[in-house]
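Below, all heavy atoms of this structure are taken into account, side chains as well, without hydrogens, waters or symmetry copies.
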Amino acid sequence: MRNVKPAEYVESPRPVVVICNDFCRGAVIPQHHHRRSQLVYGASGTMLVGTEHGQWMVPADRAVWIPGGVKHHLRMIDNVTTVTLWVGADAHADLPASCEVVDMSPLMRSLLTAAIEIGPEYDVGGRDGHVMSLLLYELKHLPKLPLCLHFPKHKRLATRCHEFLEAPRPHDTIEKWAKALNMSRRTFTRLFKKETGLSFAVWRQQACLFAALPRLVAGESVTNIALELGYESPAAFTTMFKRLQGVPPSQYFDRLHS
């Protein structure tokens with residue numbers, strides 16, 4: 001169903017339900033959690049999803065899996081249409097236990113389109129029930145995408161990472177962070193890699209990219225953003241952006257404002 005309150009559906013006795021909602025650019029859904037797990041598909045527009053453990057960038061035509069009970073918030077980078085697949089606790093024993101961004105298959109898109117028209121009290125043994133069962137099966141086979149920026153569990157390091165994402169400082173060095181945390185360079189690099197899975201340099205680049213997306217949507221030039229974020233050239237920034245978004249920033253910008 002379209003543009004309905006999630007509360008009207010999440011308590012459905014059916015194991016799987018689907019709703020569709022439209023959000024305006026800049027809309028923020030504050031931190032909350034649900035008993036059911038959910039797959040939030042951005043049929044159009046880009047979202048950022050955040051938890052205490054990281055942020056996930058969800059480009060248009062991708063989806064994010066959020067397990068039940070995980071506290072999260074959403075920020076709409078542009079006008080977004082979401083199709084949300086709600087999955088009951090008894091129906092997702094073998095689905096991921098943590099958030100992740102996934103690619104969409106043609107079959108998954110078609111099934112979600114059909115499921116939008118199915119009410120919360122559908123016949124489990126009929127056609128609608130089979131559509132929902134197939135959705136759940138296809139969900140388990142969607143490929144994972146590397147569109148996450150992990151935050152460390154180490155409290156002081158996590159605080160600094162969050163501060164960096166709010167105000168990127170592209171020329172920060174390992175030495176600067178290690179000194180601020182009263183660590184040796186060797187201890188810091190080992191801890192950072194262990195806690196985030198990335199080197200400091202790679203994490204810093206990805207954090208800058210996450211920070212750049214809202215500025216691109218606002219209409220800032222690629223050159224200005226790239227240079228301010230510390231890239232050697234607009235081309236270097238474009239390479240990183242295309243790796244995550246699938247298109248160069250110029251094309252992404254044109255798509256948003258077409």
Side-chain angles (χ1 to χ4, degrees), residues 23 25-34 38 40 42 46-59 62 64-78 80 96-101 144-218 220 225-231 237 240-241 243-245:
F23 298 93
R25 177 183 302 172
V28 174
I29 301 176
Q31 181 170 280
H32 64 288
H33 68 278
H34 306 283
Q38 57 182 316
V40 185
T46 296
M47 301 175 283
L48 286 177
V49 177
T51 75
E52 63 177 328
H53 301 302
Q55 283 200 5
W56 289 260
M57 185 184 297
V58 191
R62 307 298 195 281
V64 59
W65 170 255
I66 307 173
V70 174
K71 294 180 179 179
H72 61 282
H73 62 270
L74 293 88
R75 178 185 177 190
M76 308 306 169
I77 300 303
D78 45 280
V80 177
S98 58
C99 295
E100 59 182 45
V101 177
K144 181 178 178 181
L145 298 174
L147 297 176
C148 175
L149 186 70
H150 286 292
F151 294 139
K153 294 180 180 180
H154 186 279
K155 188 174 181 179
R156 289 189 298 142
L157 183 56
T159 297
R160 194 164 184 89
C161 287
H162 281 282
E163 291 173 348
F164 182 90
L165 192 59
E166 291 297 322
R169 299 173 296 276
H171 300 297
D172 274 9
T173 63
I174 291 176
E175 287 76 15
K176 181 178 180 179
W177 280 48
K179 182 178 180 180
L181 294 170
N182 195 28
M183 298 178 184
S184 68
R185 177 188 174 94
R186 184 176 182 181
T187 298
F188 173 83
T189 54
R190 285 182 174 179
L191 177 66
F192 200 94
K193 179 75 174 195
K194 177 183 177 181
E195 292 279 322
T196 68
L198 299 172
S199 69
F200 174 74
V202 172
W203 187 95
R204 183 186 61 194
Q205 286 183 327
Q206 292 194 5
C208 286
L209 189 57
F210 270 59
L213 188 57
R215 297 175 61 181
L216 283 168
V217 174
E220 289 190 49
I225 294 173
L227 296 180
E228 283 195 16
L229 292 181
Y231 288 85
F237 173 79
M240 176 66 78
F241 191 96
R243 186 183 309 146
L244 286 179
Q245 293 287 358

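- Inter-residue side-chain proximity for L157 and F151 is flagged as unmet; no heavy-atom pair is nearer than 4.5 Å.
- Note that NE2 of H33 is 11.5 Å distant from CD of Q38, once rounded to the nearest 0.5 Å.
- Looking at heavy atoms from C-beta onward, L191 lies in side-chain contact with M183 at the 4.5 angstrom threshold.
- For the pair C161 and W203, the minimum side-chain heavy-atom distance is below 4.5 Å.
- Under the 4.5 Å side-chain criterion, counting only non-hydrogen atoms from C-beta, T46 is not in contact with V58.
- Looking at every heavy atom in both residues, F210 comes nearest to L147 through CZ-O, 3.6 Å.
- Between K144 and V101, the closest side-chain pair of non-hydrogen atoms is not below 4.5 Å.
- To the nearest 0.5 Å, atoms CD1 (I225) and CZ (F241) are separated by 9.0 Å.
- The shortest heavy-atom contact between L229 and C208 is CD1-O, 3.3 Å.
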Legend entry - Trace of the side chain to side chain contact (heavy atoms under 4.5 Å, CB included) decision for F23 with L74: CA-CA 11 Å; F23 298 93; L74 293 88; over 6 Å; no

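- A side-chain donor from one of H72 and H32 sits under 3.5 Å from a side-chain acceptor of the other.
- Between L165 and L149 the shortest side-chain heavy-atom distance falls below 4.5 Å.
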Inset, instruction - Apply salt bridge (charged side-chain N to carboxylate O under 4.0 Å, His left out) to E228 and R215, showing your working. - result: CA-CA 11 Å; E228 283 195 16; R215 297 175 61 181; 2.8 Å; yes

Inset, instruction - Might you work through the side chain to side chain contact (heavy atoms under 4.5 Å, CB included) test for V49 and Q55, ending with a clear yes or no? - result: CA-CA 6 Å; V49 177; Q55 283 200 5; over 6 Å; no

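- R160 CZ: more than 12 foreign heavy atoms inside a 6.0 Å radius.
- Proximity of a side-chain donor or acceptor of E195 to a complementary backbone N or O of H154 within less than 3.5 Å is detected.
- Separation of atoms NE2 (H73) and CD (E52) is listed at 11.5 Å; rounding is to 0.5 Å.
- Note that OG of S98 and CH2 of W65 are 11.0 Å apart. Values are rounded to the nearest 0.5 Å.
- Using the six-membered ring where Trp is involved, F200 and F192 have ring planes that are perpendicular, over 60° apart on the 30 and 60° scheme.
- I77 and R25 get closest at one heavy-atom pair: O-CG, 3.3 Å.
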Inset, instruction - Take E220 and L216, measure what side chain to side chain contact (heavy atoms under 4.5 Å, CB included) needs, and give me the verdict at the end. - result: CA-CA 5 Å; E220 289 190 49; L216 283 168; over 6 Å; no

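- Side-chain contact between L48 and M57: present, with at least one pair of heavy atoms (C-beta onward) separated by less than 4.5 Å.
- Counting heavy atoms from C-beta on, the side chains of D78 and M76 never come closer than 4.5 Å.
- Within 6.0 Å of CD on E166 lie no more than 12 heavy atoms contributed by other residues, nucleotides or ligands.
- Considering all non-hydrogen atoms of both residues, W56 and C99 come closest at NE1-O, 3.4 Å.
- At least one donor-acceptor pair under 3.5 Å links the side chain of R156 to the backbone N or O of L181.
- The structure places CG of L198 at 12.5 Å from CZ of R204, a figure rounded to the nearest 0.5 Å.
- Atom NZ of residue K193 and atom OG of residue S199 lie 6.0 Å apart, to the nearest 0.5 angstrom.
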